[in-house]
Structures are given as C-alpha cells and as structure tokens.
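Only one structure is covered here, and it is reproduced in the block below.
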Amino acid sequence: KVFRQGKDLLSPYILSLVKEGKEKGVFRVQSPETAVSFILAIIQCHIEAVYNKESKRKLIQNMILGKHLLEDILGLPEGGLNVSTTTWVA
C-alpha cells in the first residue's frame, strides 16, 4: 500500500522527466508512459530488497542490474547513468 501511494506520487514526476529528456534528445524512448511503468518496477524491486533486509552484496547486485536496465529503458549508452552503490547501500 505504501509503495502504491509512493508510485502515485512519483509517476507524474518521473513521466515529466522522461518526456523532457525525450524532447531534448537525451532519452530515446518510444513511449514515456511505458518507460515509467518499467522504471517504477525497478524501484519497487529495490525497495522490496531493502524491506526484506537482503545482504549488502544482493543490494549492490540489484543496483548494478537496475542501472543497466534503466540505461536500456531510456535509450542511453552503457555507462550513461552514474549510480554509486555506496550511496544507496550503507
């Protein structure tokens, strides 16, 4: 329920970011709405891993995979996103 509420709050914001990135030619997505659905699914996977108190190793693996998926979803080149696992996994 909490994630659903967060999703409702985040969706419009992420959608506006994706649309703006597409308009500026930074992101190459065919459907911003579909991209947002997948982005939110990635976020949910990470939230669930944290909630389930997964190991630090597992959380880092999730972040690395999530980064690669986000790059693909947004049409960015490999390495196009800079995500620090030390910031997210303490």
Side-chain angles (χ1 to χ4, degrees):
K1 180 180 176 179
V2 172
F3 180 75
R4 205 171 345 126
Q5 291 172 341
K7 180 179 165 182
D8 292 343
L9 292 172
L10 283 176
S11 289
Y13 178 69
I14 296 173
L15 181 60
S16 70
L17 288 174
V18 172
K19 284 182 175 179
E20 181 179 340
K22 181 179 178 178
E23 289 170 8
K24 291 183 176 183
V26 176
F27 300 150
R28 293 184 310 269
V29 296
Q30 290 184 4
S31 169
E33 292 80 7
T34 302
V36 170
S37 294
F38 280 92
I39 291 168
L40 289 169
I42 293 167
I43 293 169
Q44 183 175 2
C45 287
H46 192 67
I47 289 171
E48 287 176 8
V50 170
Y51 179 78
N52 291 328
K53 299 179 182 174
E54 297 287 351
S55 69
K56 184 175 182 176
R57 181 175 173 267
K58 174 75 170 156
L59 293 175
I60 289 171
Q61 289 174 339
N62 284 0
M63 288 299 297
I64 292 169
L65 178 58
K67 174 190 174 302
H68 292 299
L69 291 171
L70 287 171
E71 288 171 343
D72 286 346
I73 290 166
L74 296 172
L76 295 171
E78 186 174 336
L81 283 179
N82 184 11
V83 177
S84 170
T85 56
T86 56
T87 302
W88 290 90
V89 182

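In what follows, residues are counted from 1 in the order of the sequence shown.
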Q: For side chain to side chain contact (heavy atoms under 4.5 Å, CB included), just list the numbers for Leu40 and Ser11, CA-CA rounded to whole Å, side-chain angles, deciding distance to a tenth of an Å, and then say yes or no.
A: CA-CA 8 Å; Leu40 289 169; Ser11 289; 3.1 Å; yes
Q | Pair His46-Met63, side chain to side chain contact (heavy atoms under 4.5 Å, CB included): steps then yes or no | A | CA-CA 7 Å; His46 192 67; Met63 288 299 297; 3.4 Å; yes
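The shortest distance between side-chain heavy atoms of Ile43 and Ile14 falls below 4.5 Å.
Between the CD atom in Glu78 and the CG atom in Asp72 there is a gap of 9.0 Å [rounded to 0.5 Å]. Within the model, atoms CD1 of Ile73 and OG of Ser37 stand 10.0 Å from one another, a figure rounded to the nearest 0.5 Å. With rounding to the nearest 0.5 angstrom, the CD1 atom of Ile60 is 13.0 Å from the CD atom of Glu54. To the nearest 0.5 Å, atom CG of residue Leu69 and atom CG of residue Asn62 are 10.0 Å apart. Note that CG of Leu70 is 6.0 Å distant from CG of Leu81, once rounded to the nearest 0.5 Å.
Applying the side chain to side chain contact (heavy atoms under 4.5 Å, CB included) criterion to Leu74, with sequence neighbours excluded, gives Val18, Phe27, Val29, Ile39, Leu76.
The pair Glu71-Lys67 counts as a salt bridge, with a side-chain nitrogen and a carboxylate oxygen less than 4.0 angstrom apart.
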